[in-house]
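Proteins come first, then strands; the chains are lettered A, B, ... in the order of their sequence lines, and each starts at number 1. Values below: every heavy atom of this structure, side chains too, minus hydrogens, waters and symmetry copies. This is a predicted model, so every value here is computed, not measured.
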Number of protein chains: 2
Amino acid sequence: MAAARPVKAVRQRRGRGERADIPITRDTIVATAFRLIDERGPDGFSMRSLATELGVFPATLYWHVGDRAHLLGLVEHEWINGIELPALSDDWRAWMLAVARSYRRHAHRHPNVARLMSVERARNTDNLTIPDAVVGALARLGAGDDLVHAYNAVVGAVQGFVVIELARIGDPTPESMADTERDLRSLDPQRFPHITSHFDHLAERALSVRWSEESVQLPDESFDFLVGLLIDGLAARFLPR
Amino acid sequence: MAAARPVKAVRQRRGRGERADIPITRDTIVATAFRLIDERGPDGFSMRSLATELGVFPATLYWHVGDRAHLLGLVEHEWINGIELPALSDDWRAWMLAVARSYRRHAHRHPNVARLMSVERARNTDNLTIPDAVVGALARLGAGDDLVHAYNAVVGAVQGFVVIELARIGDPTPESMADTERDLRSLDPQRFPHITSHFDHLAERALSVRWSEESVQLPDESFDFLVGLLIDGLAARFLPR
DNA sequence: ACCTGAACACCGTTCAAGT
DNA sequence: ACCTGAACACCGTTCAAGT
């Protein structure tokens, strides 16, 4: 699909039925929607703001791409296509880690778009390149009758981890962030003995113990740790020793 | 927090400033919002529909619970409080599996509410009971400097798995479901050699290879398989052998 | 303190009418 | 085939005005 070319058409009066001078295409619409969501977040995106950005009336979008849900499906498609699939390697451990990291890296590049994945999902019949490669790797490992479960476990955990880490921590105003920090720092050691005793170790790094916007991304080590657990677990189950 | 008592107040005319005969409380609002989201899904829920259900004007809600984001935070709180924490046990493996299953079971009981978790998050300073218990278990295992990462890996994977499995598969009309099924059944074996060759094994059971609404819930075995991988991985890292 | 009534600035979507 | 212009049925939120 074409790269997102910057379309900043200034709305200029046009009579009924008159063509736009820059012809609106399906690709332009999807690319612009992608850019708007990416830059302004889901709240700054609407069918109407997209139409304005493109210099057309909202109804035009419906003619080209159908309704909002369908458009978001196309954006999802675009996003998934942007993930680089690491070259197949003999070392399946290294390959799986590379795939997982590649997926996460792409999500971090476009967090606002990536957040859509968990909410408004489109058809999933295309974009099966990575799933197919993962199924292949697991089958080659000898997953056998556990193939589905190994697949679901790995994909669900990796994809899910990224969704959870990117989930918004409430509204990102300085005040609410300060409030959260204060509340977390003054937790009752009676009720939460373990979090409080390991507070310095967890603060701003652990899920549920974050407050600033910069800490949306969890430590890379946490992700690698997870993938390590999965890989070792698979090896223990399927590889002869 | 009080159980959700059924409030079906029929809107009856009231003059300016007049009190409702059934007094509206914060708890009633939250409980009713929970019920509406649960029953009708996020699309059937709005501040206005909630107000109508309660027999008041929308502005009343703002007086009691603040804006929509804040209300959803309270609903989230309510949901999380509903998770049963299994009694601490000496067998940490059994305990972790029990906690993970308990979380997932609760999500499946209220899928529409659970879906909110990944999107509109409130403050997370309360409801730290389960996180605290998990931190405690991992610390006791001897996670040491890897405590954060072990915690993030386990919680991110378990919570994330559930989010991914519950994510909507596009719109659930019979036609679109049939379309997806047809597309999946007629995948190109050249492009997707592994999925096609294991199709019968994966169909309706694997992420990305589902089409019906009944298959939102992945096989329980897949979830248990994941938790097994995590537990074994932790044991291999932290337990002396 | 608590609620009404109305208003404001938005939405997504549809549709007849134009070229 | 492609787009306008207007309309419809909704939103979330605010605010003065009532009791």
Side-chain angles (χ1 to χ4, degrees), chain A residues 7 9-30 32-33 36-37 40-75 116 119-120 122 170-171 173, chain B residues 7 9-30 32-33 36-37 40-75 116 119-120 122 170-171 173:
Chain A
V7 178
V10 178
R11 185 89 177 82
Q12 54 209 52
R13 291 214 77 59
R14 220 172 303 131
R16 274 188 176 270
E18 240 179 286
R19 290 289 165 71
D21 20 42
I22 307 157
I24 302 297
T25 68
R26 203 183 162 93
D27 285 1
T28 326
I29 294 174
V30 174
T32 309
L36 283 188
I37 295 170
R40 320 220 265 242
D43 298 344
F45 170 80
S46 70
M47 295 300 274
R48 293 183 107 105
S49 67
L50 174 57
T52 304
E53 181 81 8
L54 289 168
V56 297
F57 276 70
T60 307
L61 303 177
Y62 289 79
W63 195 92
H64 284 283
V65 295
D67 63 10
R68 183 191 156 95
H70 193 255
L71 171 56
L72 291 178
L74 297 174
V75 171
L116 287 178
V119 198
E120 327 220 21
D171 79 318
T173 63
Chain B
V7 178
V10 177
R11 184 91 177 81
Q12 52 211 55
R13 292 213 78 59
R14 220 173 302 132
R16 275 188 176 268
E18 242 179 284
R19 290 289 165 73
D21 20 42
I22 307 158
I24 302 298
T25 68
R26 206 182 160 91
D27 285 2
T28 326
I29 294 175
V30 173
T32 309
L36 283 187
I37 296 170
R40 322 221 263 242
D43 297 346
F45 170 80
S46 69
M47 296 300 275
R48 293 183 107 104
S49 66
L50 174 57
T52 304
E53 181 81 9
L54 290 168
V56 296
F57 276 71
T60 305
L61 304 177
Y62 289 79
W63 196 92
H64 285 283
V65 294
D67 63 11
R68 182 190 156 96
H70 193 255
L71 171 56
L72 292 177
L74 297 174
V75 172
L116 287 179
V119 199
E120 328 218 20
D171 79 317
T173 64

Atom-to-atom span, [atom1] of [X] to [atom2] of [N] - whole angstrom:
X: A:R68; N: D:dC10; atom1: CZ; atom2: P; result: 18 Å
X: B:F45; N: D:dC10; atom1: CZ; atom2: P; result: 17 Å
X: B:R26; N: C:dC3; atom1: CZ; atom2: P; result: 14 Å
X: A:M47; N: C:dT13; atom1: CE; atom2: P; result: 6 Å
X: A:R48; N: C:dT14; atom1: CZ; atom2: C1'; result: 12 Å
X: B:L54; N: C:dT4; atom1: CG; atom2: P; result: 11 Å
X: B:F57; N: D:dG18; atom1: CZ; atom2: P; result: 15 Å
X: A:L50; N: C:dT13; atom1: CG; atom2: P; result: 12 Å

Next on the checklist: Among residues 58-66 of chain B, which ones have heavy-atom contacts with DNA chain C below 4.0 Å?
Outcome noted: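 Of all residues in residues 58-66 of chain B, the ones placing a heavy atom under 4.0 Å from DNA chain C are B:A59, B:T60, B:W63, B:H64.
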
Checklist entry - If only side-chain N and O atoms of A:S46 are considered, is one of them under 4.0 Å from the OP1 or OP2 phosphate oxygen of C:dG12? => result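 Answer is yes, contact under 4.0 Å.
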
Checklist entry - Can B:D67 and B:M47 be said to form a side chain to side chain contact (heavy atoms under 4.5 Å, CB included), step by step? => result CA-CA 9 Å; B:D67 63 11; B:M47 296 300 275; 5.8 Å; no

Next on the checklist: Return the CG to CG distance between A:L36 and A:L50, rounded to the nearest 0.5 Å.
Outcome noted: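 That separation rounds to 6.0 Å.
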
Item to check | OG1-CG distance between A:T32 and A:L54, expressed to the nearest 0.5 angstrom | outcome: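 Result: 4.5 Å between the selected atoms.
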
A side-chain contact here means heavy atoms from C-beta on lying under 4.5 Å apart; do [X] and [Y] qualify?
X: B:I29; Y: B:L74; answer: no
X: B:E53; Y: B:R48; answer: no
X: B:F45; Y: B:V75; answer: no

Checklist entry - Considering all heavy atoms of both residues, which atom of A:H70 and which atom of A:V65 are nearest to each other, and what is their separation? => result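 Scanning both residues, the minimum pair turns out to be ND1-O, 2.8 Å.
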
Can I get a per-line list of side-chain donor-acceptor pairs under 3.5 Å for residues 57-64 of chain B, giving both atom names and the distance, sequence neighbours left out?
residue : atom : partner : partner atom : Å
B:T60   : OG1  : B:F57   : O            : 3.1

Item to check | Residues forming a side-chain hydrogen bond (donor to acceptor under 3.5 Å, both in side chains) with A:S46, sequence neighbours excluded | outcome: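 Result, side-chain hydrogen bond (donor to acceptor under 3.5 Å, both in side chains) vs A:S46: A:S49.
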
Checklist entry - So what does the secondary structure string of DNA chain C come out as, 5' to 3', with Watson-Crick or wobble pairs under 3.5 angstrom, [ ] for crossing and | for pairs with another strand? => result ||.|||||...|||||.||

